[in-house]
There are 2 protein chains.
Amino acid sequence: MTMDTNTTEEQILEAAKKVFRAKGMQGARMQEIADEAGINKALLHYYFRNKEKLFMAVFADAFLQIMPNMDQIFSSDRSIEEKISVFIEAYINMLSAYPDLPIFILSEARRDPTILFEVLEKSGIKPVSITEFILLEMEKGNLVRMNPSHMMVNIVSLCVFPFLARPLLETVILKKQGVDPAEFYNIRLEEVKTFVLRAVIPNYSES
Amino acid sequence: MTMDTNTTEEQILEAAKKVFRAKGMQGARMQEIADEAGINKALLHYYFRNKEKLFMAVFADAFLQIMPNMDQIFSSDRSIEEKISVFIEAYINMLSAYPDLPIFILSEARRDPTILFEVLEKSGIKPVSITEFILLEMEKGNLVRMNPSHMMVNIVSLCVFPFLARPLLETVILKKQGVDPAEFYNIRLEEVKTFVLRAVIPNYSES
DNA sequence: GTCTATACGGCGATAGAC
DNA sequence: GTCTATCGCCGTATAGAC
């Protein structure tokens with residue numbers, strides 16, 4: 001995406017992203033961020049006044065990146081089956097590129113839930129109601145009848161959870177069953193797709 | 001479960017559970033645990049030598065509680081459909097009773113992945129291969145053919161994720177769509193059951 | 001076993017020269 | 001804008017009386 005330009009402020013921000021995402025707010029050290037940026041600790045306070053401010057910049061960036069923009073995909077003119085398939089593919093691919101984002105977001109949101117409100121205010125979010133669209137497709141018989149919120153949460157769950165639980169999966173579950181983690185993640189995209197479509201598309205097996 | 005007996009050590013452990021689970025290793029303060037236990041800070045170090053030791057006791061306890069013991073449920077003589085249904089119900093009910101366990105476990109495992117190995121060694125875990133059982137049911141035509149690991153991970157994902165993402169769900173998604181969080185969690189159990197069964201039981205819709 | 005008092009180190013933040 | 005040096009707090013851990 002945005003190559004780190006050479007301005008000091010952006011160097012700091014890139015370094016902060018790296019360290020905060022890896023260690024979290026409480027685990028990160030201002031010294032480590034300064035080292036990573038190749039500058040001095042005092043400069044951090046010159047550009048961003050304190051640790052909290054610097055952290056919020058990083059968190060806001062991460063938050064916007066992980067919020068699924070369903071509307072864009074769902075406003076295309078494909079069939080509902082294709083839309084769901086495309087969404088899952090896009091979301092899992094994004095998560096594969098930034099696998100540490102989900103646990104970072106949720107850990108910090110749990111530590112201090114107020115940061116969610118803060119981010120939501122600063123960046124106008126679009127409360128596009130995908131719900132109505134889903135209900136419409138159910139009316140038409142293109143989707144199984146179920147609660148739309150749960151349908152959405154279910155799809156996101158299946159995409160995100162393996163990234164959240166990665167340490168657990170790798171050291172416990174998969175290892176225990178003799179499964180190669182790399183292979184597991186390789187085939188996951190297709191497995192999720194068919195699992196979801198079987199659950200939400202009427203008579204999907206026969207199609 | 002175990003009522004807090006009056007021995008000081010257990011009072012400390014109960015207090016530590018409460019504080020560590022709520023704040024995490026880095027957010028917890030020894031002083032707060034001491035206050036919660038109604039004793040002095042120095043006593044914490046008398047019983048458990050340092051913060052790390054006390055934390056590990058709490059983490060191990062939480063870990064054992066959250067590890068799904070599928071084997072017990074899956075070794076019953078019910079049909080596969082009933083087994084899955086019972087498992088989902090048992091697991092979601094357990095999580096509802098201890099909703100902060102999942103994010104606690106995963107946050108700490110991410111902060112220091114080695115604690116997983118530590119816990120696994122201290123408490124002999126049973127690597128019961130549920131995989132073979134699943135494959136057998138697929139052979140018999142009672143389950144849709146898919147990768148067994150992913151089937152298991154999918155089911156767990158749907159159960160656990162809403163608890164992990166609760167702050168996000170409540171402040172962003174649900175609020176955005178005008179959904180009452182309490183109502184959402186109330187109906188979730190049934191929604192997950194039918195969603196999973198539709199995905200894994202052949203011709204479930206017609207049954 | 002339980003307490004009070006204190007030592008010790010780490011880290012965020014600031015002062016101030018250049 | 002960038003640096004060095006240092007302050008001051010906070011939190012873990014220990015010393016030692018009872």
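Per chain, numbering begins at 1; letters A, B, ... match sequence-line order.
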Show me the pairs that pass salt bridge (Lys or Arg N to Asp or Glu O under 4.0 Å) and involve residues 100-109 of chain B, at least two apart or across chains.
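Applying salt bridge (Lys or Arg N to Asp or Glu O under 4.0 Å) to every pair that reaches into residues 100-109 of chain B, excluding sequence neighbours, yields B:Glu108-B:Arg111.
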Please, which pairs that meet salt bridge (Lys or Arg N to Asp or Glu O under 4.0 Å) have at least one residue in residues 46-61 of chain B, sequence neighbours excluded?
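Found B:Lys17-B:Asp61, B:Arg21-B:Asp61.
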Between side-chain atoms of residues 112-120 of chain A and protein atoms elsewhere (two or more places apart, or another chain), which donor-acceptor pairs fall under 3.5 Å?
from: A:Asp112; atom 1: OD1; to: A:Thr114; atom 2: N; distance (Å): 3.1
from: A:Asp112; atom 1: OD1; to: A:Thr114; atom 2: OG1; distance (Å): 2.5
from: A:Asp112; atom 1: OD2; to: A:Thr114; atom 2: OG1; distance (Å): 3.1

Touch check for [X], heavy atoms < 4.0 angstrom, all strands: base, sugar-phosphate only, or nothing?
{"X": "A:Leu44", "answer": "nothing"}
{"X": "B:Phe48", "answer": "nothing"}
{"X": "A:Ala28", "answer": "sugar-phosphate"}

Between the protein and nucleotides 13-17 of chain C, which nitrogen or oxygen pairs are less than 3.5 angstrom apart?
from: C:dA13; atom 1: OP2; to: A:His45; atom 2: NE2; distance (Å): 3.3
from: C:dA13; atom 1: OP2; to: A:Lys51; atom 2: N; distance (Å): 2.8
from: C:dA13; atom 1: N6; to: A:Lys41; atom 2: NZ; distance (Å): 3.2

Interatomic distance, [X] [atom1] vs [N] [atom2] [rounded to whole Å]:
{"X": "A:Phe20", "N": "C:dG12", "atom1": "CZ", "atom2": "C1'", "result": "11 Å"}
{"X": "A:Gln11", "N": "D:dG1", "atom1": "CD", "atom2": "P", "result": "14 Å"}
{"X": "B:Gln31", "N": "D:dC9", "atom1": "CD", "atom2": "C1'", "result": "16 Å"}
{"X": "B:Phe55", "N": "D:dG11", "atom1": "CZ", "atom2": "P", "result": "18 Å"}
{"X": "A:Leu43", "N": "D:dA5", "atom1": "CG", "atom2": "P", "result": "16 Å"}
{"X": "A:Gln26", "N": "C:dG10", "atom1": "CD", "atom2": "C1'", "result": "15 Å"}
{"X": "A:Arg29", "N": "D:dC10", "atom1": "CZ", "atom2": "C1'", "result": "12 Å"}
{"X": "B:Ile12", "N": "C:dG1", "atom1": "CD1", "atom2": "C1'", "result": "11 Å"}

Is A:Glu32 salt-bridged to A:Lys18, cutoff N-O under 4.0 Å?
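Salt bridge: no.
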Between B:Tyr47 and C:dT2, is there a contact of a side-chain N or O with OP1 or OP2 at under 4.0 Å?
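For C:dT2, OP1/OP2 do have a side-chain N/O of B:Tyr47 under 4.0 Å.
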When you measure from the side-chain N and O atoms of A:Thr8 to the phosphate of D:dG1, is any distance below 4.0 Å, counting only OP1 and OP2?
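Checking A:Thr8 against D:dG1: no side-chain N or O falls below 4.0 Å of OP1 or OP2.
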So with a 6.0 Å cut-off around NZ of A:Lys23, is the heavy-atom count from everything else above 12?
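No, the 6.0 Å shell around NZ holds no more than 12 heavy atoms from other groups.
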With B:Glu190, which residues qualify under salt bridge (charged side-chain N to carboxylate O under 4.0 Å, His left out), at least two apart?
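If we apply the salt bridge (charged side-chain N to carboxylate O under 4.0 Å, His left out) test to B:Glu190, skipping adjacent residues, the hits are B:Lys193.
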What pairs with A:Lys41 under salt bridge (charged side-chain N to carboxylate O under 4.0 Å, His left out), at least two apart in sequence or on another chain?
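Applying salt bridge (charged side-chain N to carboxylate O under 4.0 Å, His left out) to A:Lys41 gives none.
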